[in-house]
Q: 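One structure, pasted below without further comment.
Since we're looking at a predicted model, the values are computed, not measured. Letters A, B, ... mirror the listed sequences (proteins, then strands); counts begin at 1.
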Amino acid sequence: MTLQFPIKSDTSKKIWSAFERELNHKLKPLPESERDDIKMEILSHLYESALNDKANSEENRIINAIDRLGEPDLYLTPLIEDILQAQSAAEGQPKAIVLSLLKTTQKSLWHLALTAIFAFGYFISIIIFIMGIMHIFNSNVGIWLDDNGGLLSLSFSFQPDAIQWMPEQFSFIAITLSAFTYWGLSKLLYLLFLKPKKLGFKQ
Amino acid sequence: MLPDQIIDRWLPQFRKGLLEFIILLKLQQGMSYGYEIASEIKHLTSIEVAEGTLYPLLNRLKRDGLVTTEWKTEDIGTPRKYYQITKTGIETLDKMKLIWTNTHSSVLKMVMQS
């Protein structure tokens, strides 16, 4: 806490310090001069916002001011990305370019992994669902376990050296589980990628 | 997709562009700082801003050379980072005003006809 922001009560000091620590942590990727500049600007805003707040106690005024600023990630992430990107482009340093490429690659790999996981999940849930339906008409369709090692396989026909897994309940389990998995994957997909991102502009 | 979901997606984009315009309009009246800009936007428009989100916009305006900044310490003792519109900023704002006026009239006409 700096002398420029005189906070009186101990509780307020703790809240202020916690917020300042969070800023320090999140601003770490930036060079020191940029970091100090942004931190000072945010803290200056916070202090003035708290001064003008109508709440009775200093603690509540600071909490309200932090709340009005919004989630730090909401404004610091785009700010940091913008500054770093501008610096990399301006400097044209090989290290900056490599770091930027690594970051992009990391993001692409992450997206590729998620796409593979979701595609596999959907594929399996649809296959199991179809097998569940088919099992009603053909009892050989189902999951078969190898006699020796218990190796699991999905099969549409009778397997001579294997035992069928729960043939009586297979249709029910397969249809229920696959429908639930399909719903879960869709919900997860929506939450991760399709849900409108909160940009901080409220109605 | 439901109309509300579409509005949820459209509104932030619409407001984001509008906010840069509003910030430049405010700075054309004189230099100002983050908290004051945020308060004025809340006071004068129906746009309620999560105040922190102004800073990425202000940073972009600075990077694009539309504003400059200067730290000043006020009587109350707190330092404030003031933003001042540049010549390029004023030229850009004039173009934005023209686009806004034309678009606004056209859209208003279409809304009235619908």
Q: Please find the pair of heavy atoms, one from L74(A) and one from A50(B), that lie closest to each other, and give the distance.
A: CD2-CB, 4.3 Å
Q: Assess whether atom CZ of F156(A) is packed by more than 12 heavy atoms of other residues, nucleotides or ligands within 6.0 Å.
A: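 It does: F156(A) CZ has more than 12 such atoms within range.
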Q: Answer whether the closest heavy-atom distance between the side chains of E41(A) and W71(B) falls below 4.5 Å.
A: yes
Q: Quick one, K42(B) with R68(A), criterion side chain to side chain contact (heavy atoms under 4.5 Å, CB included). Give me CA distance, side-chain angles, the key distance, then yes/no.
A: CA-CA 11 Å; K42(B) 277 185 183 177; R68(A) 278 193 296 272; 3.5 Å; yes
Q: For the pair T53(B) (side chain) and Y75(A) (backbone), establish whether a donor and an acceptor sit closer than 3.5 Å, ignoring hydrogens and angles.
A: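 No: the side chain of T53(B) does not pair with the backbone of Y75(A).
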Q: Under a 4.5 Å cut-off applied to non-hydrogen side-chain atoms, are P79(B) and F5(A) in contact?
A: yes
Q: Above 12 or not: heavy atoms from other molecules or residues under 6.0 Å from CG of N56(A)?
A: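 No - once you tally the heavy atoms of other residues, nucleotides and ligands closer than 6.0 Å, there are 12 at most.
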Q: Taking atom OH of Y182(A) as the centre, does the number of heavy atoms from other residues, nucleotides or ligands within less than 6.0 Å exceed 12?
A: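 Open: at most 12 neighbouring heavy atoms sit under 6.0 Å from OH of Y182(A).
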Q: Would you call R80(B) and E48(A) a salt bridge, taking side-chain N to carboxylate O under 4.0 Å as the test?
A: yes
Q: Just wondering, do E51(B) and S49(A) contact through their side chains at under 4.5 Å, heavy atoms?
A: yes
Q: As an exercise: rank I38(A), L76(A), D37(A) by heavy-atom pairs under 4.5 Å with chain B and give me the winner.
A: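 The residue among I38(A), L76(A), D37(A) with the greatest pair count is D37(A).
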Q: Do N52(A) and Y35(B) have side chains that get closer than 4.5 Å, going by heavy atoms?
A: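 In short, these two side chains touch, coming nearer than 4.5 Å.
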Q: Roughly how far, to the nearest 0.5 Å, is CE of M40(A) from OG1 of T78(B)?
A: 10.0 Å
Q: How long is the span from the CZ atom in R60(B) to the CG atom in L79(A), to the nearest 0.5 Å?
A: 10.0 Å
Q: Checking side-chain polar atoms at under 3.5 Å, does Y55(B) have a donor or acceptor matched by the opposite partner on H45(A)?
A: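 H45(A) and Y55(B) do have a side-chain donor-acceptor pair below 3.5 Å.
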